[in-house]
Asks: 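Next up is a structure, given as structure tokens.
Note that the numbering runs from 1 along the sequence shown for the chain. In each ligand, atom 1 is the first atom listed, and ligand 1 is the first ligand listed.
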Amino acid sequence: MTTKSLSILGSTGSIGKQSLDVCRKCGYSVKALTAFSSVNEIEKQAREFKPEKVALVDEKAASDLKQRLSDTGIKVLSGIDGVCECAQLESADTVLNSIVGMAGLKPTLSAIRAGKKIALANKETLVAGGQLVMNEAKKYGVDILPVDSEHSAIFQCLQGKPANKALKKIILTASGGPFFSKTADELKNVTVENALKHPNWSMGAKITIDSATMMNKGLELIEAVWLFSVRPQDIDIVIHRESIVHSAVEYDDNSVIAQLGLPDMRIPIQYALTYPERFESPVEELSLSKIGKLTFFEPDYDTFKCINICKNAITKGGLFTAAVNSANEQANLMFRQGKIGFLDIAEKVQEVFECTPYYDEYTFEDVMEIDKFARESVMR
Ligand code: NAD
Ligand code: MG
């Protein structure tokens, strides 16, 4: 079902702003906007898009926004419950979730229970609560459409898949980030500034650090397991420095189908909204002859340990993925605050993985409890 009207959660972030750009170009009606505390940005967005509701998680920022928007008739909500209310709005058929971190899980569940189509950028939703989310999506008959570029690529490659065949393999591409080909020794003293210099994509700070540690690829492997019902061992990761091949699938006849394009998130954002249709895009055309050369390498799993921690976590199941995700959120933040070194991130995530208890099935409250446990362990 092609989107007509939507709520955008995390509208002031990198994906949120690019989503609004797509809405401008495609003429979608924006019914709700939410953010953590960015009053100036969300006020500007609210005045342009005239949504019914906006929400800020931070109470003080929300009360400031309420005053600023008092001449507009837009309802201002606060707290995570305000965000969840925006996710359930009657007038929106789609919820685009571009919140960063597992804070996006509760609003995703709210949107599913309200029967909304989900355009999901917030990969941590699936990493922290994949079992809950997929069960609820099935129960409420809701589609989850990937916004993450690799998963959008895989989803696009799967269009036309023979109904009687499972796919053989997913080939998940990774740029390799700013530290490709560096040794552990060379990574010991890298600074936040070095780690924030991504070669191909301009993104929020958390995911940019995740790309430097390659935790991002581990999170994406878990995301792919949930979205495409494959086993972790059916996903191959390959470093592709140019970020032109956004991922590929392999069928039983060893035919490999890939999706290519310039690295611009507005292509996957738009496809999640227009699916199954396609419309013109403001993104430039890809010229393969201008690109000239595409390169591929095996990842260095010994130096970038986070990939295998994530693979082990999803293989074990239960709350292991939630635990490593929360440990990473905390460690990633502490690295950005200058409190720990770059290589400590993977160390901390591994430590939490090793002391996570096994659960067969879990509830939302269990995820919240393991989140608290993981963050406290990393801070200790
Ligand atoms: P960002 O930091 O630029 O923006 C995050 C948004 O979430 C902001 O609007 C912020 O106000 C809001 N937010 C932050 N903390 C919150 C909380 N606790 N509760 C509610 N809202 C909160 O992040 P981003 O780079 O746009 O990434 C968003 C999500 O999309 C992440 O899950 C990321 O992994 C995924 N993603 C991003 C890109 C990209 O190109 N930026 C690509 C693929 C996937
Ligand atoms: Mg990605």
Asks: For E329 and N325, test the side chains for any donor-to-acceptor distance below 3.5 angstrom and give the result as yes or no.
Replies: yes

Asks: Give a yes or no on whether I154 and W226 share a hydrophobic cluster (residues Ile, Leu, Val, Met, Phe, Trp, Tyr; joining criterion: side-chain heavy atoms under 4.5 Å apart).
Replies: yes

Asks: Under a plain distance cut-off of 3.5 Å, with no hydrogens placed, do E150 and T173 share a side-chain donor-acceptor pair?
Replies: no

Asks: If you draw a sphere of radius 2.8 Å around the Mg ion (ligand 2), how many protein N/O/S atoms end up strictly inside it?
Replies: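 Considering protein N, O and S only, the Mg ion (ligand 2) has 3 within range.
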
Asks: For Q337, does the CD atom sit with more than 12 other heavy atoms under 6.0 Å from it, leaving out its own atoms?
Replies: yes

Asks: Under 3.5 Å, is there a donor-acceptor pair between the N97 and T108 side chains?
Replies: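 Side-chain D/A pair, N97 to T108: present.
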
Asks: Using the side-chain contact (heavy atoms from CB on, under 4.5 Å) rule, pick out the option among Q259, M265, E220 that qualifies with S149.
Replies: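 Result: among Q259, M265, E220, M265 is the only option passing the side-chain contact (heavy atoms from CB on, under 4.5 Å) with S149.
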
Asks: Are side-chain N/O atoms of N312 and T315 paired as donor and acceptor at under 3.5 Å?
Replies: no

Asks: If you draw a 6.0 Å radius around CD in E186, do more than 12 non-hydrogen atoms from other residues or ligands fall strictly inside?
Replies: yes

Asks: Regarding Q156 and S152, is there a side-chain donor-to-acceptor distance under 3.5 Å anywhere?
Replies: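 The answer is yes; a qualifying pair exists.
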
Asks: Applying a heavy-atom distance cut-off of 4.0 Å, which protein residues contact ligand 1?
Replies: G10, S11, T12, G13, S14, I15, A35, F36, V57, S98, I99, V100, A103, A121, N122, K123, E124, D148, M203, G204, I207, M265

